[in-house]
Structure formats: structure tokens, C-alpha cells
Amino acid sequence: MIQENEVLMFLIGCIVLIFSIAYYKTLSKTPYWIYLYLSYIFFLIAWGVTIAEGFFFPVLFDYIEHGFYTTASIMILIWIWKSTLSTHSKTQD
């Protein structure tokens, strides 16, 4: 069974993805932006898997969903870590 908020979250995520593609040059100026962008993609996939979970193989898709959430969180951690290290090394010079 799917819930309306899951579908709405996925649709909003797709709209944000379209804007992020449109503003690619601006977003790519962010240090280590690829980790942040991959994190968003993994979150978007997880939201899509949440919807699929309501139709078939709920246990399998639940594991896949949480795997994507974990991967997205690790990508955010790497982005924060690399951004902090690059900022910290600039202040040391």
C-alpha cells in the first residue's frame, strides 16, 4: 500500500532534480559537489523504491530502500569530511 506523502516526496524530488540539472554549472562550483549530488541521487532512488515497495516484494524493497539511505548518508559524510579538510588546510597555510 502506498501513501500519498511518499508519492509527493518523490515528485518534489524529481522537480528538484530537474532544477539541479538546469543549474549544473552553478552547483558544480561547490567544493566536492559530486558527493553531495550523488547523495541526492541515492535519496531520490530510495524514495522511488519506497513507492515500489507498496506494490511488490515489500521486504526486499525495504532492505534496498534502507541500503540507499545508508549510502546517501555516507556520501554526505564524505562530502562534509572532504569539505572540512580542505577548509581546514587552507586556514593552516
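Along the sequence shown, residues carry numbers from 1.
- Summarising the geometry, atom CG belonging to Leu27 is positioned 11.0 Å from atom CD1 belonging to Ile34; distances are rounded to the nearest 0.5 Å.
- Between Phe56 and Phe61, the ring center distance clears the sub-6.0 Å criterion.
- Ile45 CD1 to Leu38 CG: the interatomic distance, rounded to the nearest 0.5 Å, is 9.5 Å.
- Under the 4.5 Å side-chain heavy-atom criterion for ILVMFWY residues, no single connected hydrophobic cluster contains both Tyr23 and Ile21.
- Thr50 and Glu65 form a side-chain donor-acceptor contact under 3.5 Å, judged by distance and modelled atom types alone.
- For the pair Lys25 and Lys29, the tightest heavy-atom approach, listed with the atom from each and the gap, is O-CG, 3.5 Å.
- Rounded to the nearest 0.5 angstrom, Trp81 CH2 and Leu85 CG are separated by 5.5 Å.
- Heavy atoms only, all atoms of each residue included: Glu6 and Ile51 are closest at O-CD1, 3.9 Å.
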Query raised in the report: Is there a side chain to side chain contact (heavy atoms under 4.5 Å, CB included) between Ile64 and Phe68 once you walk through the steps?
Result: CA-CA 6 Å; Ile64 293 171; Phe68 277 116; 3.6 Å; yes
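- For Tyr24 and Trp33, the ring centers sit closer than 6.0 Å to each other.
- Annotation: the span from Ile80 atom CD1 to Ser39 atom OG amounts to 9.0 Å, rounded to 0.5 Å.
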Report task. Determine, step by step, whether Phe42 and Tyr69 satisfy the ring pair (Phe, Tyr, Trp, His ring centres under 6.0 Å) criterion, reporting the C-alpha distance in whole Å, the side-chain angles of both residues, the deciding distance to 0.1 Å, and the verdict. Result -> CA-CA 7 Å; Phe42 286 133; Tyr69 283 139; over 10 Å; no
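- Linking ILVMFWY side-chain heavy atoms closer than 4.5 Å, directly or via other members, places Ile15 and Ile41 in two distinct hydrophobic clusters.
- Checking Tyr37 against Ser20 by side-chain atom types alone, a donor-acceptor pair falls below 3.5 Å.
- Here the OH atom belonging to Tyr32 is positioned 10.5 Å from the OG1 atom belonging to Thr84, to the nearest 0.5 angstrom.
- With sequence neighbours excluded, no residue satisfies side-chain hydrogen bond (donor to acceptor under 3.5 Å, both in side chains) with Tyr35.
- Both Phe10 and Leu17 belong to a common hydrophobic cluster when Ile, Leu, Val, Met, Phe, Trp and Tyr are linked at side-chain heavy-atom distances under 4.5 angstrom.
- Linking Ile, Leu, Val, Met, Phe, Trp and Tyr whenever their side-chain heavy atoms come within less than 4.5 Å puts Val16 and Leu44 in one cluster.
- Under a hydrophobic clustering in which Ile, Leu, Val, Met, Phe, Trp and Tyr are joined whenever their side-chain heavy atoms come within less than 4.5 Å, directly or via other members, Leu60 and Trp47 fall into the same cluster.
- Atom CZ of Phe43 and atom OG1 of Thr71 lie 10.0 Å apart (nearest 0.5 Å).
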